[in-house]
Amino acid sequence: MEMGIGGYVKPERIWLKNHPELNEKWVQGLISDDPSILGLGNLVLRDTERKQPGAGRLDLLLQDTDSDRRYEVEIQLGATDESHIIRTIEYWDIERKRYPQYDHCAVLVAEDVTSRFLNVISLFNGAIPLIAIQFQALKIGAYTSLVFTTVMNELTRGPVDEDEEREPPADRAYWEQHGSKATVSLADQLLEMMRELDPGLELSYNKSYISLSKNGRVNSLSRFSPRKNHLRLVVFLEQSKEVEQPLDEAGLDFEYRRSAYRLQLSKDDVQNHGDVLKKLMSSAYERRTL
């Protein structure tokens with residue numbers, strides 16, 4: 001290996017398509033261990049080789065820890081081709097129909113994203129949220145590194161089931177670090193309100209949010225996500241004036257998006273408007289009794 005000026009070493013690009021040892025499973029494993037290398041934000045792994053009804057297997061299912069966004073990821077060595085384009089879109093469509101409470105985005109990760117692929121995808125990128133990421137395998141001495149580059153981004157766009165059992169687990173300490181002790185305590189206060197309805201309820205901690213549970217079974221129609229200075233509350237309910245009127249009268253900060261009411265709660269909000277928040281969560285809880 002030739003050393004350049006200032007310790008610089010020129011990397012050698014290698015192609016994994018026909019590599020004797022490094023294959024698609026190797027790339028998949030690297031992304032699974034650290035989804036952040038894709039450059040899509042703070043993601044957690046939800047599933048690998050996820051079986052699709054009437055189809056094949058989705059390489060990776062990732063989820064943003066700060067939102068309800070999921071990424072259906074397909075990996076391809078070599079140049080992009082029609083079959084992988086179709087597969088990526090098909091798996092995205094299956095997942096969004098199975099779990100409509102989430103915001104879904106298709107992602108194709110390929111070694112060579114061709115101009116022909118970009119031309120075809122651009123025809124319907126306004127209708128399908130799709131991201132194309134090209135990666136390069138670079139050999140530096142005895143080591144191999146991957147560099148991921150987003151070559152096509154999506155256009156900006158303005159009831160939970162058994163899938164929740166796959167949620168990566170966390171604990172109280174995780175959320176006190178991710179948010180703060182003060183905002184996690186707000187989730188405790190909301191739990192106590194709900195215990196008036198059902199004394200057996202507990203908080204269930206995972207990496208995407210905190211939910212309610214009873215006897216090990218999760219009810220995620222009300223979700224808590226502590227932040228540094230506020231608590232994010234998501235409640236899945238049908239939109240109605242009857243629900244929104246008390247929220248408006250209380251002056252609470254909320255919006256309705258993707259089949260759920262989304263609120264940012266301060267300490268004063270929880271203390272001064274606990275009755276309104278309890279009624280909101282109770283309405284969702286009663287839709288699915290644990």
Run the numbers on Glu244 and Lys241 for salt bridge (charged side-chain N to carboxylate O under 4.0 Å, His left out), then give the verdict. CA-CA 5 Å; Glu244 294 180 0; Lys241 293 182 179 179; over 6 Å; no
Looking only at the side chains, is there a donor atom on one of [X] and [Y] sitting less than 3.5 Å from an acceptor on the other?
X	Y	result
Gln76	Asp81	yes
Ser32	Thr48	no
Tyr205	Arg172	yes
Gln28	Glu49	yes
Ser36	Asp34	yes
Asp269	Ser266	yes

Next item on the list: Taking the six-membered ring of Tyr99 (Phe, Tyr or Trp), confirm whether the NZ or CZ of Arg70 is under 6.0 Å from its centre and within 45° of its axis.
Entry: yes
Original post:
Do Arg13's NZ or CZ and the ring of Trp15 fall within the cation-pi criteria of under 6.0 Å and 45°?
Top reply: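 Because its charged atom sits under 6.0 Å from the ring centre and within 45° of the axis, Arg13 does stack over Trp15.
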Q.
Parallel, tilted or perpendicular: which one describes the rings of Tyr261 and Tyr256, with boundaries at 30° and 60°?
A. perpendicular
Considering non-hydrogen atoms only, spot the tightest contact between Met281 and Leu233 and give its length.
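For Met281 versus Leu233, the nearest heavy atoms are SD-CD1, 4.2 Å.
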Can you check whether [Y]'s main-chain N or O pairs, donor with acceptor, with [X]'s side chain at less than 3.5 Å?
X	Y	value
Asp253	Leu263	no
Ser185	Asp188	no
Arg69	Cys105	no
Glu111	Gln134	no
Gln52	Arg50	yes

Review point. Can Lys278 and Glu192 be counted as an ion pair, charged N to O under 4.0 angstrom?
Key: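 The answer is no: the pair does not qualify as a salt bridge.
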Subject >> Salt bridge Lys279-Asp275, side-chain N to carboxylate O under 4.0 Å >> reply: no
- Query: Quick one: CD on Gln136 to CD1 on Ile14, what's the gap to the nearest 0.5 Å?
  - Reply: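 Interatomic distance, Gln136 CD to Ile14 CD1, rounded to 0.5 Å: 11.0 Å.
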Check: Say you draw a straight line from CD of Glu72 to NE2 of His104; how long is it, rounded to the nearest 0.5 Å?
Finding: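 Going from the CD atom of Glu72 to the NE2 atom of His104 covers 5.5 Å.
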